[in-house]
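Proteins get letters first, then strands, A, B, ... in listed order; numbering begins at 1 in each. Everything numeric in this text was worked out from a predicted model, so none of it was measured.
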Amino acid sequence: QKEVEQDPGPLSVPEGAIVSLNCTYSNSAFQYFMWYRQYSRKGPELLMYTYSSGNKEDGRFTAQVDKSSKYISLFIRDSQPSDSATYLCAMQRGSTLGRLYFGRGTQLTVWP
Amino acid sequence: EAGVAQSPRYKIIEKRQSVAFWCNPISGHATLYWYQQILGQGPKLLIQFQNNGVVDDSQLPKDRFSAERLKGVDSTLKIQPAKLEDSAVYLCASSLGLRDTDTQYFGPGTRLTVL
């Protein structure tokens, strides 16, 4: 079993839709949770960063962490064609070193 | 602020050949990471440097992969000899290095194809 599981999709939605992306994990030592966005032929860029359980909102993006269920989500409201990319969840133990544990990514297409 | 620079962007080699990738991190960033991203998978950490010292190389296949970070700035990742399964994008990332949880900034990657 991989430490971080993420449905690769692909996910295709119309412009303006609400998008829900999810990851599950098995290691209870993870304390920091991130969502990265990766455009084709580019490196990942950090979108959202959350510590422990709870919600965090930034514009059209909301990140949720439920440590009791080992489940994290990213919601995108009013999705735009420019949101079309691969979304990677990532996690860190925080106590030792800086290694990020990534999910395999979900490919999202938002069509006009 | 300039981002993480990597070169070359693309490389095609035959199996058993050697190859080297170069990374220049964001100025002032003490921590440098090399990740391997195989098609359809998330990045996997190969090695982490703090300044010019190795912090974590537990997932680096040391029989064929090597990396160095001389003078605590630029870094080079080498594969010798390459295998078919080394085909991947090699991502370099850097962070301030003040805390383990500092944001990691990624370069565009080097796409390696081994034939």
Linking I/L/V/M/F/W/Y whenever any side-chain heavy atoms sit under 4.5 Å apart, do A:M34 and A:F75 land together?
no

Give a yes or no on whether B:Q80 atom CD has more than 12 heavy-atom contacts from other residues, nucleotides or ligands under 6.0 Å away.
no

So, the part of B:Q37 with a heavy atom under 4.5 Å from chain A: the answer is side chain

Any chance NZ of A:K67 has more than 12 other-residue heavy atoms, nucleotides or ligands included, within less than 6.0 Å?
yes

CZ of B:F106 to CG of A:L88: how many Å apart, nearest 0.5 Å?
8.5 Å

With a 4.5 Å cut-off on heavy-atom pairs, point out which of B:A93, B:G40, B:P108, B:P43 contacts chain A the most.
B:P43

According to a hydrophobic-cluster definition based on side-chain heavy atoms being under 4.5 Å apart (Ile, Leu, Val, Met, Phe, Trp, Tyr only), do A:W35 and A:V110 belong together?
yes

Answer with side chain, backbone, both or neither: which region of A:P44 has an atom nearer than 4.5 Å to a non-hydrogen atom of chain B?
both

In terms of heavy-atom proximity below 4.5 Å to chain B, should A:Q38 be classed as side chain, backbone, both, or neither?
side chain

Is B:R9 reaching over with its side chain to a backbone N or O of A:R41, donor-acceptor style, under 3.5 angstrom?
yes

Given side chains that start at C-beta, do those of A:L46 and B:Y105 come closer than 4.5 Å, heavy atoms only?
no

Under 4.5 Å from any heavy atom of chain B - which part of A:Y39
neither

How many angstroms lie between OG1 in B:T103 and OH in A:Y36, if you round to the nearest 0.5 Å?
6.0 Å

dist B:L39:CG -> A:R104:CZ (nearest 0.5 Å) comes out at 10.0 Å

ILVMFWY network linking A:L100 to B:W34, side-chain heavy atoms under 4.5 angstrom:
no

Between CG of B:L46 and CZ of A:R99, what distance do you get to the nearest 0.5 Å?
10.0 Å

ILVMFWY network linking A:L11 to A:I72, side-chain heavy atoms under 4.5 angstrom
yes

Any chance NZ of B:K71 has more than 12 other-residue heavy atoms, nucleotides or ligands included, within less than 6.0 Å?
no

Sort A:Y49 into side chain, backbone, both or neither according to what part of it lies under 4.5 angstrom from a heavy atom of chain B.
side chain

Are the side chains of B:Q104 and A:Q92 in touch, meaning some heavy atoms are under 4.5 Å apart?
yes

Over 12 foreign heavy atoms within 6.0 Å of CD, B:Q41:
yes

Establish whether B:F21 and B:L91 are linked, either directly or via other cluster members, by ILVMFWY side-chain heavy-atom contacts under 4.5 Å.
no

